[in-house]
Amino acid sequence: MRQLLVTSALPYANGHIHIGHLVEYIQTDIWVRFQKLQGNRCIYICADDTHGTAIMIRAREESIGEEELITKMQRSHIEDFAGFDIEFDNYGSTHCSENRELCEEIWNSIREAGLVSQQEVTQLYDAEADTFLADRFVKGTCPKCAAEDQYGDSCDRCGAHYSPVEMVNPLSTLTNTTPEVRSADHLFINIERLHGFLDEWTRSEGHLQPEVANYLHGHFLHEPLRDWDVSRPAPYFGFNIPDSPDNYWYVWFDAPIGYMASTRQWCDRQGEDFNDWWAGEQTEIHHFIGKDITYFHTLFWPAMLKTSRYQLPTKIHIHGFLTVDGAKMSKTKGTFVCASTYLKHLDPAYLRYYYASKLTSRVDDLDLNLGEFVTRVNSDMVGNVVNLASRAAKFATVGLSEKYPDDGGLFRQAAQDGREIAQAYESCDYARAIRTILAAADRANRFVEHHAPWKLHKDPEKTAQLQDVCTVALNLFRQLAVYLSPVLPRLAQQTGELLGEPIERWEQSQQPLLDTPVGKFKHMMQRVDRKHLEAMIAESTEHDATAGTAVPLAETCSFDDFMKVDLRVARVAAAEDVADAKKLLKLTLNLGGDEQRTVFAGIKEAYRPEDLVGRLVVCVANLAPRRMKFGLSEGMIVAAGDGGKEIFLLSPDDGAKPGQRVH
RNA sequence: GGGCCCGUAGCUCAGCGGUUAGAGCAGGGGACUCAUAAUCCCUUGGUCGGAGGUUCGAAUCCUUCCGGGCCUACCA
């Protein structure tokens, strides 16, 4: 019997669970249920990730304490997960005494190993909010291309990377004030000292999916690893560092330790020995995470565990992101669906089944195609599998036969399929498991078709034959229910009730159930109603009115300030593609008379050159010319939108003439 | 600029060195009526992104080009 400790990534206490998160929790829950069904000793551990600047700021916005915020959010997360039949053995929080103690212990080991150093870090500081600003909390003008309204680390428009300290006219998005530059001492971990270990660990068989190992070597491990900044100066919501009391551990230091803290809570409750789970080789440790946090889990985390002499992960299972109908989840499209919203409209089994039918062991993104969702659930799951019980149970009033009848080898074949299905679950290739199960369901349906119980039913002399046919059909169905029970626990439970024996072990798929009464049949699952799906999307759709208020207004400016900007109507005389540029089109603008300008505009993804020629636009005519990679840009055209495909050029109403001033 | 991954039927994918390239859904035709408009049978549909190469043999290995996605370190 194996002993397994399984985790999912800790959801951040800053937001609610949505269908994107659920890919991971459903994936993990299926794996854990499979392991338990196999008779392995397996615990599923998770917790809320509660620390960091974002929590501090949100608590302020809601005028409540951080602890109140995270308590509320944890309750909500637990409820959402329960609604999707995701069963944790312990669901904790990183903000607990167990975590603080473990952080301290691991920190001391890292200190003792001589890996910690102090370095000065210069950052922007918001004096009004009294906090250092992470890059995402700074907006300003790009120091390279002068694009406005860019985030503090890089520019959407020219792709430049810089430090927020270099930005022109930076503004704190928290208070809309101008931040100051301040320095503070941070603590760094010299992770390069573990380079050799990480090189070997990431490469050695089985710890990572091959593409992840390739990525790490191609991207990080081919050069010296940079020191990891693990502290943040006050104010910060988190744990104080005992030997550096003005500093806090960065949230990514204490978050993975939360896996251990949550395990410790479980151990204390169960009377188990914590070291048995984290300090000995008898336990396999499996982390399930999304590809966005690969770096923390495959480099920092093993380094921390190695240094503090804890057990290293057996395997890190990494999955991709969720897209909906091929695009990122979007609030305006209504595809950013919260777990609780989903549950108001649809059965959680649908999503569990659909995700399972698409999950493989690779890091690829998973697309939730809404049309396909309906088809797979209705045709494959309900029509093919669940309906099998429906068409046989009704005729099985006398119960199952005493001896298993000749079924042409169907039961044996499906029993043998169990090996392949189990292997598929084990390797996280659930799509393969589902495919194999569906093939068995096809065979079972063919059997029923061929033996036509509805005809036998009409002939009183064929009762025994009818019983045999139902015995086969229901046993074939029960096999499927066992195989699907990690994905569809409720279906397994209903099947157990129908046939009078709960489904608890994988081996139940290997022996037919005989000589037992069959309960009264009730529908086990409804088909998806497209209307409910549409209602869910409608409820998730955020309208423009609410979406538009998200960006705070800029500082008040005087009329004179405004008049410094000379906006002119211009006609696009020519527009051409800039071959090597990702975002730029080269425009020739006519500003009235002979006045011509060349402008490089970052609108390539939203407009085709041929559609622009001849139209009127509004141009900033007195903007300082800018030397760009492809030539000199002598102005700027004004547009709304976030960039990419979401760019909307402004144009005057009919009658305006090139050269007219806009004011 | 660099890195990782992916391009197979309308859609979602399987096949990853060896018989005429497969499945499900969708499309077309038929059967059946037990069942949740279900199920069963037959059927249409692909120059396996393009071009080279290795090989007796390539969707499968290598090179290169094209197209797409993701990442590029104090938000990994």
Side-chain angles (χ1 to χ4, degrees), chain A residues 52-54 119 121-123 132 134-137 151-154 159 161 163-164 184 186 188 191 209-223 225-232 250-252 290-300 320-321 323 325-326 328 354 357-358 360 362-369 371-376 378-384 386-395 429 431-432 434-436 438-439 441-442 444-458 466 469-470 473 521-529:
Chain A
T53 315
Q119 297 170 31
V121 172
T122 304
Q123 275 184 294
F132 280 95
D135 296 350
R136 67 176 175 282
F137 294 118
Y151 280 104
D153 55 347
S154 65
H161 289 264
S163 151
H186 285 223
F188 286 75
I191 197 157
Q209 288 129 295
E211 67 262 48
V212 175
N214 290 346
Y215 157 71
L216 291 171
H217 286 92
H219 214 274
F220 297 107
L221 293 166
H222 69 289
E223 60 183 14
L225 294 161
R226 298 201 189 169
D227 292 347
W228 181 30
D229 183 355
V230 288
S231 78
R232 294 293 181 272
Y250 173 48
V251 54
W252 266 111
K291 64 183 181 183
D292 53 330
I293 54 177
T294 297
Y295 181 68
F296 294 113
H297 282 81
T298 56
L299 299 177
F300 294 154
F321 296 142
T323 56
D325 283 340
K328 263 188 176 176
Y354 182 78
S357 77
K358 302 204 57 158
T360 69
R362 288 192 301 221
V363 192
D364 305 346
D365 288 350
L366 188 155
D367 186 48
L368 167 55
N369 178 295
E372 189 198 18
F373 176 81
V374 174
T375 300
R376 286 213 187 204
N378 286 350
S379 303
D380 295 350
M381 182 172 70
V382 182
N384 197 349
V386 181
N387 185 46
L388 187 61
S390 199
R391 59 194 312 207
K394 178 182 157 187
F395 298 121
D429 193 351
R432 177 193 285 274
I434 297 289
R435 253 183 277 128
T436 309
L438 285 179
D442 277 339
N445 270 307
R446 246 173 274 153
F447 174 88
V448 174
E449 195 77 17
H450 188 248
H451 291 84
W454 55 93
K455 284 184 187 156
L456 301 174
H457 174 65
K458 284 173 190 154
L466 176 63
V469 169
C470 292
F521 181 76
K522 288 180 294 209
H523 274 183
M524 294 179 172
M525 207 179 288
Q526 299 302 313
R527 296 160 60 83
V528 189
D529 186 338

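Below, chain A is the first sequence line, B the second, and so on; all start at residue 1.
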query: Per the atom types in the model, does the base of B/A31 pair as donor or acceptor with the side chain of A/E449 at under 3.5 Å?
result: no

query: If you find the nucleotide of RNA chain B closest to A/W454 and the one closest to A/R232, which residue's nucleotide is nearer the 5' end?
result: A/W454

statement: Applying the Watson-Crick and G-U criteria (both distances under 3.5 angstrom) with [ ] for crossing and | for other-strand pairs, one obtains for RNA chain B ((((((((.[[[[.)..(...]]]].(((((.......))))).....[[[[[..)....]]]]])))))))....

query: Rounding to the closest angstrom, what is the interatomic distance between B/U60 and B/A14 at atom P?
result: 16 Å

- prompt: Between B/G24, B/U36, B/U39, which nucleotide has the shortest distance from any of its atoms to the side chain of A/H523?
  reply: B/U36

query: Taking atom P in both B/U54 and B/G28, what distance in whole Å separates the two?
result: 48 Å

query: Which listed nucleotide (B/G69, B/U39, B/G15) is nearest to the side chain of A/R432?
result: B/G15

message: How many whole angstroms separate atom CG of A/N369 from atom C1' of B/C13?
response: 13 Å

field: C1' spacing across the pair B/A58 / B/U19, given as an integer number of angstrom
entry: 15 Å

- prompt: Is there a side-chain polar atom (N or O) of A/Y250 under 4.0 Å from OP1 or OP2 of B/A76?
  reply: yes

- request: Starting at atom OH of A/Y295, determine the distance to atom P of B/C70, rounded to an integer number of angstrom.
  value: 21 Å

task: Could you list the residues that satisfy salt bridge (charged side-chain N to carboxylate O under 4.0 Å, His left out) with A/D367, not counting sequence neighbours?
output: none

message: Here's a test of your reading of the structure: between A/V448 and A/F296, which maps to the more 5' nucleotide of RNA chain B?
response: A/V448

Non-neighbouring partners of A/F300 that pass ring-ring contact (aromatic ring centres under 6.0 Å, His included), sequence neighbours left out: A/W228, A/Y295, A/F296

statement: Residues passing the salt bridge (charged side-chain N to carboxylate O under 4.0 Å, His left out) test with A/R527, sequence neighbours excluded, are none

- request: Report yes if a side-chain nitrogen or oxygen of A/R362 is closer than 4.0 Å to either non-bridging phosphate oxygen (OP1 or OP2) of B/A14; otherwise report no.
  value: yes

field: For A/E223, all residues meeting side-chain contact (heavy atoms from CB on, under 4.5 Å), sequence neighbours excluded
entry: none

task: Write down the distance separating the P atoms in B/G52 and B/C6, rounded off to the nearest Å.
output: 24 Å

message: I want to verify a distance call: between B/C25, B/C40, B/U36, whose nearest atom is closest to the A/R446 side chain?
response: B/C40

Side-chain donor-acceptor pairs of residues 446-454 of chain A under 3.5 Å, sequence neighbours excluded:
{"residue": "A/E449", "atom": "OE1", "partner": "A/R391", "partner atom": "NH2", "Å": "3.1"}
{"residue": "A/H451", "atom": "ND1", "partner": "A/F447", "partner atom": "O", "Å": "3.0"}

